[in-house]
Number of protein chains: 2
Amino acid sequence: MTASLDIVFAALADPTRRAILAMLLEDDMAVTDVAEPFKMSLAGISKHLAVLSEAGLVSRERRGRVIWCKLEPDALKAASVWMQGFGQFEAIDLDDFERFLATELSDPETVEPPQV
Amino acid sequence: MTASLDIVFAALADPTRRAILAMLLEDDMAVTDVAEPFKMSLAGISKHLAVLSEAGLVSRERRGRVIWCKLEPDALKAASVWMQGFGQFEAIDLDDFERFLATELSDPETVEPPQV
DNA sequence: CCCATATTCAACCATCCGGTTGACGATCAG
DNA sequence: CTGATCGTCAACCGGATGGTTGAATATGGG
């Protein structure tokens, strides 16, 4: 069920979608709640979620009226392995990551992101 | 000079461009030589190299008539850090990487790739 | 049953993307 | 100088992408 690198990288190439992934890192969310912090229409967010789902990065499960979105980090593994082959980057530094998230989210370029 | 994650991920989302990066992992190459294994026109490859260059993943240096293309693995670091924040993937396994390269390159979907 | 809520679908639009071809600018070889 | 080689530029094309709005499809609540 592993989506191709094409699709995974393409999914990651959009700041709105990366922001969504970062939100889902915190917790599972309903579509409406995912959409709330963005200026974009709900349908727009729904389409982004479809792209993320297509890439295997997010799964969606209907529970009653609400569809719950869940991060699927394993879908990143193939892409991660591919990238690690270049450069031999040092071991993961979670602080680096936090800093990065913060940077991207507070960046003016960024598309109305939720503050983590 | 670090290109945005948008641009880096977008650059990685194309199999031709990933194949080029894999080739440059071996050694620096002239544009014509990069283009040689592909069915695509030289101009097409030139455009791909421009995208990779824009993303900071490849640098180009003119020496005489020939422009030498060089892999710049550091440009992947930001993207790598971002990805590592999800999932906590285990330490880099170079064998995994080799296998992956081979898989992608031998995949029918792939765009006439050079065998590594 | 009826209505409100949650989400997607469908059509549409502007823009970007990957590819082509043909002309052009540089540089080396004779 | 002339000609071949290396590479990019410009214009063009079809198809994908990111967004919109408005209608349609669940589902749950009174």
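Hydrogens, waters and symmetry mates are skipped; everything else that's a heavy atom, side chains included, is used. Chain A is the first sequence line, chain B the second, and so forth, proteins listed ahead of strands; every chain is numbered from 1.
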Nearest-Å distance for atom pair CD1/C1', residues I67(A) and dT25(D): 11 Å
Heavy atoms from C-beta onward define the side chain here; which of dA6(C), dT8(D), dG18(C) lies closest to that of T32(A)? dA6(C)
Mind calculating the distance between CH2 (W68(A)) and P (dT7(C)) to the nearest angstrom? 9 Å
Sorted by chain and residue number, the side chain to side chain donor-acceptor pair (under 3.5 Å) partners of S59(B) (sequence neighbours excluded) come out as E72(B)
Which is true for G44(B) with a 4.0 Å heavy-atom rule: it touches a base, it touches only sugar-phosphate, or it touches nothing? base
Rounded to whole Å, please give me the gap between CD1 in I45(B) and P in dC9(D). 16 Å
Transitive ILVMFWY side-chain link M40(B) to V34(B), under 4.5 Å: yes
Starting at the 5' end of DNA chain D, which residue's closest nucleotide do you reach first, R65(A) or A10(A)? A10(A)
Are any of S46(B)'s side-chain N or O atoms less than 4.0 Å away from OP1 or OP2 of dT8(D)? yes
Taking CG from L49(B) and C1' from dC17(C), how many angstroms apart are they, rounded to a whole number? 16 Å
Closest to the H48(A) side chain: dA6(C), dG19(D), dC6(D)? dG19(D)
Between E54(A) (CD) and dT17(D) (P), how many Å, whole number? 10 Å
K47(A) vs R62(A), nearer the 5' end of DNA chain C by closest nucleotide: R62(A)
Linked hydrophobic residues, W68(B) as query - side chain contacts closer than 4.5 Å: V66(B)
Interatomic distance where CZ belongs to F9(A) and P belongs to dT17(D) [whole Å]: 16 Å
Base, sugar-phosphate, or nothing for R17(A), non-hydrogen atoms under 4.0 angstrom? sugar-phosphate
Side-chain N or O of R60(B) versus OP1/OP2 of dT8(D): is the shortest distance under 4.0 Å? yes
Taking CE from M40(B) and C1' from dC17(C), how many angstroms apart are they, rounded to a whole number? 12 Å
In whole Å, I'd like the distance from the CD1 atom of I7(A) to the P atom of dA16(D). 12 Å
R60(A) (side chain) donor-acceptor with I67(A) (main chain) under 3.5 angstrom: no
Pick base, sugar-phosphate or nothing for A30(B), based on heavy-atom distances below 4.0 Å to the nucleic acid. sugar-phosphate
Contact class for A50(B) (heavy atom, under 4.0 Å): base, sugar-phosphate, or nothing? nothing
Answer yes or no: is there a donor N or O on one side and an acceptor on the other, between the side chain of R18(A) and the main chain of L12(A), under 3.5 Å? yes
Short side-chain N/O contact from S41(B) to OP1 or OP2 of dG19(C), under 4.0 Å: no
